[in-house]
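Here is the structure we will look at, set down as structure tokens.
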Amino acid sequence: MGGRRRRLGWVWAGLGAVVVSAVGFTLVAQAVGERDRVLVLVRDVPAGQVLKPGDLRAVEVAADTGVVPVADRDSVLGRQARVPLVAGSLLAPGQVGASAAFPPQGLSQVALAVESGGAPPDLARGERVAVLPGPAGGAAVGNEAEEKPASAVVGTVAGVRAPEAAGGPRVVTVLVETAAARRAAQLEHPRVVVLSAEGRDAP
């Protein structure tokens with residue numbers, strides 16, 4: 001009889017351990033798999049532009065801080081993008097406000113009409129470039145500038161807009177030092193050349 005009770009005790013203890021383990025596993029799984037509904041950008045939004053409902057959508061991601069939850073959607077709609085917002089990125093509270101905080105002090109954006117062949121076809125936002133004058137019709141360029149003429153203006157690509165018509169110019173927006181903005185805007189048939197790593201020094 002005593003042996004049978006001891007065996008039953010072991011059985012109940014084993015079942016208890018299984019139950020505790022199962023509950024623990026469930027709690028851990030819930031904690032690890034916890035996801036929140038937050039806002040993500042549907043399209044690029046330039047700095048200074050007011051956020052509209054169509055600019056945002058809700059996604060579920062692992063719980064995190066520093067992003068705007070869906071519940072706060074109304075608090076960001078109608079406010080301006082303080083910096084350029086990129087499609088596919090999660091929206092952070094500090095990226096919107098009553099006014100834009102871009103471009104940074106001392107820098108200005110210059111929009112250039114770059115003719116076909118006047119910039120690498122894969123030119124992208126964030127690349128360091130030299131902007132220099134070119135011949136009519138544009139000259140084919142590569143991904144490095146071996147030499148920057150004195151007239152070149154160095155900056156960072158802030159945006160690239162596709163041509164409105166086949167064969168037409170692309171609009172390339174470049175962030176440059178304010179003192180050089182006028183010179184960049186006055187370059188004839190501007191060419192945009194991606195700089196090598198050692199050439200990425202200013203601004």
Side-chain angles (χ1 to χ4, degrees), residues 14-112 114 119-129 143 155-166 168-176 178 192 194-195 197 200 203:
L15 288 174
V18 170
V19 171
V20 171
S21 297
V23 172
F25 176 79
T26 301
L27 293 175
V28 170
Q30 288 177 345
V32 171
E34 186 178 353
R35 302 173 75 83
D36 291 333
R37 287 172 57 80
V38 299
L39 296 175
V40 66
L41 275 300
V42 173
R43 58 178 66 90
D44 289 352
V45 178
Q49 182 170 305
V50 173
L51 276 181
K52 302 175 182 177
D55 296 329
L56 303 168
R57 66 182 177 89
V59 295
E60 288 189 356
V61 298
D64 197 359
T65 58
V67 295
V68 180
V70 171
D72 293 343
R73 183 189 188 97
D74 291 343
S75 70
V76 297
L77 291 177
R79 307 193 75 188
Q80 291 186 37
R82 303 187 72 237
V83 296
L85 304 177
V86 181
S89 62
L90 299 178
L91 182 66
Q95 293 177 325
V96 295
S99 61
F102 189 90
Q105 186 173 3
L107 300 178
S108 298
Q109 291 188 96
V110 178
L112 306 168
V114 180
D122 57 350
L123 187 68
R125 181 201 301 263
E127 291 190 296
R128 301 285 295 141
V129 297
N143 280 336
T156 302
V157 176
V160 180
R161 194 167 72 229
E164 295 184 358
R170 281 186 292 171
V171 176
V172 178
T173 303
V174 182
L175 187 66
V176 302
T178 299
V192 178
V194 176
L195 295 176
R200 304 179 183 184

If you take all heavy atoms of [X] and [Y], which pair is closest and at what distance?
X      : Y      : answer
Val68  : Ala92  : CG2-C, 3.8 Å
Arg79  : Ala98  : NH2-N, 3.8 Å
Arg170 : Pro120 : NH2-O, 3.0 Å
Pro93  : Gly66  : CD-O, 3.5 Å
Arg57  : Arg73  : CA-NH1, 4.5 Å

Result block: side-chain N/O donor-acceptor pairs under 3.5 angstrom for residues 41-56, not counting sequence neighbours:
residue, atom, partner, partner atom, Å
Arg43, NH1, Gly54, O, 2.7
Arg43, NH1, Asp55, OD1, 2.8
Asp44, OD1, Ala87, N, 2.8
Asp44, OD2, Arg125, NH2, 3.1
Asp55, OD2, Lys52, N, 2.8

- Do any N or O atoms from the side chain of Thr156 and from the backbone of Gly126 form a donor-acceptor pair under 3.5 angstrom? no
- Message: Keeping Arg128 on the side-chain end and Gly155 on the backbone end, is there a donor-acceptor pair under 3.5 Å?
- Response: yes
- For Glu164, does the CD atom sit with more than 12 other heavy atoms under 6.0 Å from it, leaving out its own atoms? no
- Item | Chi angles and distances behind the side-chain contact (heavy atoms from CB on, under 4.5 Å) call for Val67, Asp36 | CA-CA 10 Å; Val67 295; Asp36 291 333; over 6 Å; no
Beyond-backbone contact of [X] with [Y], side-chain heavy atoms, under 4.5 angstrom:
X      : Y      : answer
Gln95  : Arg82  : no
Glu127 : Val192 : no
Leu90  : Val59  : yes
Leu91  : Val40  : no

- Value for CG (Leu175) from CD (Gln109), rounded to nearest 0.5 Å, stands at 6.0 Å
